[in-house]
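Notes follow once the structure below has been shown.
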Amino acid sequence: MLVTLRTSQQQIEAQAQTISAASVTELPAHQATIAAQVQVYAAVKASVLGAALISPSSSLVTPEVTDQPQGNLHIVRDYSHLPIVAVSISSPAVLDRLRAHPDVLAVEPNWIARTANTQAFGLVGQPMVTASGYWGNGNTAVTIDTGMG
């Protein structure tokens with residue numbers, strides 16, 4: 001499953017200001033923003049995944065985001081620069097807790113699209129690359145565009 005998390009630009013800007021203020025040398029704004037995004041995303045992931053693993057009778061323990069199985073949830077891939085984490089879930093209760101968390105925008109199956117969105121090929125230079133004889137080794141390139149930037 002792909003879990004898409006809710007974060008805000010305000011969270012990221014506040015963390016970027018904290019990073020810049022704590023930096024010994026002047027840090028370019030874009031570097032502070034990228035570092036802030038990674039930190040905010042990691043904190044939200046830990047909070048959400050920790051909450052999903054807590055049963056109503058257990059105590060609150062926020063686990064670190066790792067690739068190790070934890071309860072009925074296994075982190076398959078952490079996309080550190082995106083508010084997305086791929087998880088394997090073997091418990092309906094964990095899935096329900098994930099979906100109910102206020103910082104979760106969506107929990108969707110991780111599936112492979114079998115059709116291509118050819119509209120974007122020209123934008124990413126695909127015709128030029130294939131015309132040059134580069135066909136790859138059977139792997140598929142994917143463009144992820146949130147439309148927000």
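Only this structure's heavy atoms are used, side chains among them; waters, hydrogens and symmetry mates stay out. The chain is numbered in sequence order, starting from 1.
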Nearest non-hydrogen partners of Ser88 and Val76, listed with the distance: N-CG2, 3.7 Å
CD of Gln37 to CD of Gln11, rounded to nearest 0.5 Å, is 11.5 Å
Nearest heavy-atom contact between Val94 and Ala52 is CG2-O, 3.8 Å
With a 4.5 Å heavy-atom cut-off, do Val87 and His74 have their side chains touching? no
For Met1 and Leu95 the tightest heavy-atom approach is CE-CD1, 4.0 Å
Report yes if the side chains of Val85 and Ile75 come closer than 4.5 Å at any heavy-atom pair, otherwise no. yes
So CD of Gln9 and CD1 of Ile12: to nearest 0.5 Å the spacing works out to 5.0 Å
Rounded to the nearest 0.5 Å, what separates atom CG in Leu105 from atom CD1 in Ile84? 10.0 Å
CD (Glu108) and CZ (Arg99) are apart, to the nearest 0.5 Å, by 9.0 Å
Quick one: do Ile34 and Tyr41 end up in the same hydrophobic cluster if we chain Ile, Leu, Val, Met, Phe, Trp and Tyr together by side-chain heavy atoms under 4.5 Å apart? no
Heavy-atom closest pair, residues Val44 and Arg6: CG1-O, 4.1 Å
Are Val48 and Leu5 side-chain neighbours, meaning at least one heavy-atom pair lies under 4.5 Å? yes
Ile19 and Ala32 have their tightest heavy-atom pair at CD1-O, 3.9 Å
Hey, does Ser47 have a side-chain heavy atom less than 4.5 Å from the side chain of His101? yes
Side chains of Asp78 and Lys45 in contact at under 4.5 Å (non-hydrogen atoms): yes
Any chance you could lay out the side chain to side chain contact (heavy atoms under 4.5 Å, CB included) test for Val104 and Thr4, step after step, and finish with the verdict? CA-CA 6 Å; Val104 172; Thr4 305; over 6 Å; no
Between the CZ atom in Arg97 and the OG atom in Ser91, the distance rounded to the nearest 0.5 Å is 6.0 Å
